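Because the structure is a prediction, the values reported are computed rather than measured. Scope of the values below: all heavy atoms of this structure, side chains included, with no hydrogens, waters or symmetry mates. By convention here, the first residue in the shown sequence is residue 1. Atoms within each ligand, like the ligands themselves, are counted from 1 in listed order.
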Amino acid sequence: MDSVPKSAASVKKILCEAPMESVVQVSGMVISRPPGQENPKMPTGEIEIKVKSAQLLNACKKLPFEIKDFVKKTEALRLQYRYLDLRSFQMQYNLRLRSRMVMKMREYLCNLHGFVDIETPTLFKRTPGGAKEFVIPSREPGKFYCLPQSPQQFKQLLMVGGLDRYFQVARCYRDEGSRPDRQPEFTQIDIEMSFVDQIGIRSLIEGLLQYSWPSDKDPVAVPFPSMTFAEALASYGTDKPDTRFGMKIVDISDVLRNTKVGFLQDALSKPQGTVKAICISEGAKYLKRKDIESLRKLAADHFNQEVLPVFPKANRNWNSPVAKSIMEEQRSELIRLMEIQEDGVVLLTAGEHRKACSVLGKLRLECADLLEARGLVLRDPALFSFLWVVDFPLFLPKEENPGELESAHHPFTAPHPNDIHLLHTEPKQVRSQHYDLVLNGNEIGGGSIRIHDAELQRYILATLLKEDVKLLSHLLQALDFGAPPHGGIALGLDRLICLVTGAPSIRDVIAFPKSFRGHDLMSNAPDSLPPEELKPYHIQVSWPADSEAEKSSLNQPYHPES
Ligand code: ASP
């Protein structure tokens, strides 16, 4: 090429003057590095090129930030220039590890277990029950598609269609507003099988994770332990317990039954009343008075629950009138029951079982954060603690109207065979065949054995959940055409990879994620459309009264979120 310089001086000039991150093409001879100059940390660390000619293919303009992992930049800036951020070591590592794991999962499912990789539509219709869906206008007046929250109906229909082992790396959509560790679009490893039971699905997933687990991490030990939902709630105050550390919730109602303390007496006199506690080992040594105060404030502000500290062995009584009123006998019983050591602090609360457990479950995690901030290691960062949570209730009271029921998982989940007789009399008591997979206190998957009997499915939808069955007539009809018993699961791929890589956010394992507020900060989506482009969809925007300013700001140059 004419432009290829010949002299050593001009080669040097091109290479020295090329700004950082430019693209250059060099040709020359590959030679060994002089002895002592090898770099064993680089795959090409033993060689170098003796350059004959060089050409600048693309000179990099001044960068908005330096592409070095240790240079701090705001996430908004990283997302605005995502294509540059992707060049960072961490993003390269995360995305390459994700790709390798997905490849292994495909191998395991398709090559070793006969699964078929099938794509399902993303233009679909509204599904009753479950998360809010994104709506897509169509050209037919008043008709809309919805983006599916998961391929749930399709995967069940595939079982009816004789594709008895389905899987898909499936894109799912949920319009759930801003939540710190959620994305409006995310990816599931979606699986369904015919003629399978809970144990069958569980061992398939254990094998899948074991097979695809990165070789530089400690191997995954199987089978994973399991715990019932009731036990998870009672001991950890949540359906996704972090089992890497203890500090379990203990019911101390019996110890304090004859207490003189008014608010405990009040709670215990109610039919569902309990007194519960957690013990923070070494809490008196590592926690400050203001820490305990902030824990109490959190309980009061977010749970409307009073929490009191008790120091059964350490000689402190901050703000704890209870401590003085606890008799010696009760104190020793508490020490025995909760195995309290020197410097242990007890956080105690009273109230209805579920509420008392929830608040202590939250405080348990807060305490772990506080103790770790002070240098104690409660959760080994190299440890991956998997857990199955099983025997969920089939229904929960609806959040907005507790008199009505909603599905704890989704309306296609089969009842527990031992509880079917309760469906007509005490539906709230019915357990389900739903299982969740939890990793280090995060739900990374969930699934169930499905209802394959149209009659039972119709009863649950129409009578118990009060859903419009017409919306699901295609599924109900399909169940009547020789549907095999079936079940499945979906793993949340983004969260799984986030935990495996130790990334601070799921956005760090997705190439082009949305911001906290659901925006693409690089391209500025979602964006406005001129009225004439909305016409074919029979749509008109009705601007909220105070949003004139907002409307005009949409036409202004773009400012990233901070
Ligand atoms: N579709 C379900 C979900 O997204 C998973 C399943 O039941 O297989 O949670």
Q.
For ligand 1 and Ser150, I'd like to know whether there is a polar contact (N/O to N/O, distance under 3.5 Å).
A. yes

Q. What part of Arg450, side chain, backbone, both or neither, has a heavy atom within less than 4.0 angstrom of ligand 1?
A. side chain

(Q) Could you tell me, atom by atom, which parts of ligand 1 come under 4.0 Å of a heavy atom of Ile489? (A) 8 (O)

Q | Atom indices of ligand 1 within 4.0 angstrom of His410 heavy atoms, with elements | A | 2 (C), 6 (C), 7 (O)

Q) Considering only protein heavy atoms, which is closest to atom 5 (C) of ligand 1, and at what distance to one decimal place? A) Gly446 O, 3.4 Å

Q. Do Tyr108 and Gln210 have side-chain N/O donor and acceptor atoms under 3.5 Å apart?
A. no

**Q.** Donor on one side chain, acceptor on other, His353 and Gln272, under 3.5 Å
**A.** no

Q. Charged N to carboxylate O below 4.0 Å: is that the case for Glu133 and Arg126?
A. no

Q: Indicate the ring-plane relationship of Phe124 and Phe154, choosing parallel, tilted or perpendicular according to the 30° and 60° boundaries.
A: tilted

Q. Does ligand 1 have a heavy atom under 4.0 Å from the side chain of Arg174, from its backbone, from both, or from neither?
A. side chain

Q.
Is there a polar contact, in the sense of an N or O pair closer than 3.5 Å, between Gln149 and ligand 1?
A. no

(Q) Among Lys132, Gln183, Arg182, exactly one meets side chain to side chain donor-acceptor pair (under 3.5 Å) together with Glu176. Which residue is that? (A) Arg182

Q.
One thing to verify: whether Lys240 and Glu443 come together as a salt bridge, which I'm taking to mean a side-chain N less than 4.0 angstrom from a carboxylate O.
A. no

Q: Name the closest protein heavy atom to atom 4 (O) of ligand 1, giving the residue it belongs to and the distance to 0.1 Å.
A: Gln188 NE2, 2.9 Å

Q | Residue-ligand contact Gln156/ligand 1, heavy atom below 4.0 Å | A | no

Q | Heavy-atom nearest neighbour in the protein, as seen from atom 9 (O) of ligand 1, with distance rounded to 0.1 Å | A | His409 CE1, 3.7 Å

(Q) What protein heavy atom lies closest to atom 2 (C) of ligand 1? Include the residue and the distance to one decimal. (A) Gln152 OE1, 3.5 Å

Q. Do Thr120 and Gln168 meet the criterion of a side-chain donor-acceptor pair at a distance under 3.5 Å?
A. yes

Q: Using a strict 4.0 Å threshold on nitrogen-to-oxygen distance, state whether Asp251 and Lys276 make a salt bridge.
A: yes

Q) Does ligand 1 have any atom sitting under 4.0 Å from a heavy atom of Lys155? A) yes

